[in-house]
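Worksheet for the structure shown next.
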Amino acid sequence: MLSTNQKIWHLINSDESLKKALRLDLVNVRAVAKYLITTYKLNTSLDSVISAIRRYEDDDELKKEEKAIVDVFKDCIIQTRNNLICVTIDKNSFSELFSIFKNNELEYNSRIAKGTNVIKIFVDKEDYLKIKKKLGPNIKHVQEGLGEMSIFLNEKVSQMRGILAKIANELSLYRINILEMIICVPQFIIYVKEEDMLKTHEAIIKFRQGQFD
């Protein structure tokens, strides 16, 4: 069972705006404690929550982890693509899909994510037409108008906690919904609506530059 400290720290870590407000000393600790108790219906005393928040702010290990994540993003490489399509096909079509790749019928930068029940492939319009021609009856869903952002970090990320949460939290501050994500460490590939690409790029660039306002 999680201790009070662990519970409070988890809640703070999952709320990037709150974490930033605490870091910049923009909010009163007592007010934050009341907010957490009310919002998450915590069966914990106000003093216990206040104590946990203060320990969170003073915890050197957490500060080191936060700084390490920020530092690893400073050297990241970002690539973007627009006008992409996500094609969802039946899981039993994998061999047919693989043969299309094997025969070099699709562009090299097409991407595949295979789940338990379906396969998703991210392609441009030209490749979508090829897939539709060969696998038409097995296509379950098509989502057009996607933008892709690839974030290339260094190999250190495989030993670090919180990278994925950090990306998601930063984008949530900009009201950006991550539609799909593919992870091939040290590369993180994010799919959003095409109209959200500018905000997505801005969010990651600001974080990379250490801008937290």
Side-chain angles (χ1 to χ4, degrees), residues 1-78 80 147 149-154 156-181 183 185-186 188-193 195-213:
M1 178 179 273
L2 293 177
S3 67
T4 298
N5 282 350
Q6 290 172 317
K7 287 180 184 177
I8 299 305
W9 294 3
H10 173 74
L11 292 174
I12 294 172
N13 280 329
S14 65
D15 189 332
E16 196 66 23
S17 58
L18 177 58
K19 186 160 62 171
K20 289 182 178 181
L22 284 170
R23 181 171 56 224
L24 297 174
D25 200 24
L26 298 177
V27 288
N28 177 276
V29 171
R30 179 172 290 270
V32 172
K34 289 180 178 178
Y35 163 79
L36 291 174
I37 290 172
T38 302
T39 303
Y40 298 102
K41 297 179 173 54
L42 301 177
N43 186 24
T44 311
S45 70
L46 180 63
D47 287 341
S48 295
V49 177
I50 290 173
S51 176
I53 294 170
R54 286 177 174 155
R55 286 196 178 107
Y56 177 88
E57 293 180 308
D58 294 335
D59 191 274
D60 288 335
E61 284 303 312
L62 286 173
K63 290 177 182 177
K64 288 178 183 177
E65 284 185 11
E66 180 78 7
K67 184 179 183 302
I69 292 175
V70 173
D71 287 345
V72 83
F73 270 86
K74 287 181 180 178
D75 298 322
C76 75
I77 297 172
I78 298 171
T80 60
M149 171 174 282
S150 284
I151 304 172
F152 296 85
L153 301 170
N154 64 45
K156 292 179 184 177
V157 297
S158 62
Q159 306 299 323
M160 298 175 67
R161 295 178 295 182
I163 297 294
L164 184 57
K166 174 59 68 176
I167 293 172
N169 283 334
E170 289 298 321
L171 295 186
S172 71
L173 292 177
Y174 283 73
R175 304 285 184 182
I176 297 167
N177 183 31
I178 298 175
L179 300 176
E180 302 283 351
M181 179 177 277
I183 302 172
V185 177
F188 293 75
I189 306 168
I190 301 164
Y191 293 92
V192 299
K193 290 181 179 178
E195 56 264 35
D196 287 336
M197 276 301 291
L198 187 59
K199 288 193 298 181
T200 302
H201 191 264
E202 179 184 357
I204 299 301
I205 288 293
K206 279 193 170 185
F207 180 67
R208 187 179 70 174
Q209 294 173 343
Q211 298 178 27
F212 304 110
D213 52 355

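Two residues are said to be in side-chain contact when any heavy atoms from C-beta on lie closer than 4.5 Å; Ile204 and Leu171 meet this criterion. Side-chain contact between Tyr174 and Asp196: absent, with no pair of heavy atoms (C-beta onward) separated by less than 4.5 Å. Contact check for Thr200 versus Thr80: no side-chain heavy atoms found under the 4.5 Å cut-off. Contact annotation: the side chain of Val70 approaches that of Lys74 to within less than 4.5 Å [non-hydrogen atoms, C-beta and beyond]. Residues Ile50 and Arg30 meet the side-chain proximity criterion, which asks for heavy atoms closer than 4.5 Å. Using a 4.5 Å cut-off on side-chain heavy atoms (C-beta onward), Asn177 and Val192 make no contact. Phe207 is listed as a side-chain neighbour of Lys166, based on a closest heavy-atom distance under 4.5 Å. Thr44 has its side chain out of reach of Ile8: every pair of non-hydrogen atoms, C-beta onward, lies at least 4.5 Å apart.
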- List the steps and the verdict of side-chain contact (heavy atoms from CB on, under 4.5 Å) for Val185 and Ile163. CA-CA 11 Å; Val185 177; Ile163 297 294; over 6 Å; no

- Message: Apply side-chain contact (heavy atoms from CB on, under 4.5 Å) to residues Val29 and Arg54 and explain how you reach the verdict.
- Response: CA-CA 8 Å; Val29 171; Arg54 286 177 174 155; 4.3 Å; yes

- Task: For the pair Tyr35 and Val27, evaluate side-chain contact (heavy atoms from CB on, under 4.5 Å) and give the outcome as yes or no after the intermediate values.
- Result: CA-CA 11 Å; Tyr35 163 79; Val27 288; over 6 Å; no

- Message: Run the side-chain contact (heavy atoms from CB on, under 4.5 Å) test on Gln6 and His10 for me, step by step, so that the C-alpha distance in whole Å, both residues' side-chain angles and the decisive distance to 0.1 Å come before the verdict.
- Response: CA-CA 6 Å; Gln6 290 172 317; His10 173 74; over 6 Å; no

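Nearest heavy atoms, Glu170 versus Ala203: O-CB, 4.3 Å. Of all the heavy atoms in Thr4 and Ala52, the pair that sits closest is O-CB, 4.3 Å. Closest approach of Ala33 and Leu46 over heavy atoms only: CB-CD1, 3.6 Å. Looking at every heavy atom in both residues, Arg208 comes nearest to Phe73 through CG-O, 2.8 Å.
Taking a 6.0 Å sphere around CD of Gln159, one finds it holds 12 or fewer heavy atoms contributed by other residues, nucleotides or ligands. Counting non-hydrogen atoms of other residues, nucleotides and ligands closer than 6.0 Å to NZ of Lys199 gives a total above 12. More than 12 heavy-atom neighbours from other residues, nucleotides or ligands sit within 6.0 angstrom of CG on Leu173.
Taken to the nearest 0.5 Å, the CD1 atom of Ile151 stands 8.0 Å off from the CZ atom of Phe188. Ile53 contributes atom CD1, which lies 5.0 Å from atom CD1 of Ile12 (distance to the nearest 0.5 angstrom). Here Leu153 contributes atom CG and Cys76 contributes atom SG; the two are 6.0 Å apart, rounded to the nearest 0.5 Å. Atoms OG1 and CG, from Thr39 and Asp15 in turn, are 9.0 Å apart once rounded to the nearest 0.5 Å. Rounding to the nearest 0.5 Å places CE of Met149 at 12.5 Å from CD1 of Ile189. To the nearest 0.5 Å, the span separating CG on Asn5 from OG on Ser51 amounts to 6.0 Å.
Panel note: side chain Ser172, backbone Asn169; a donor-acceptor pair is recorded below 3.5 Å.
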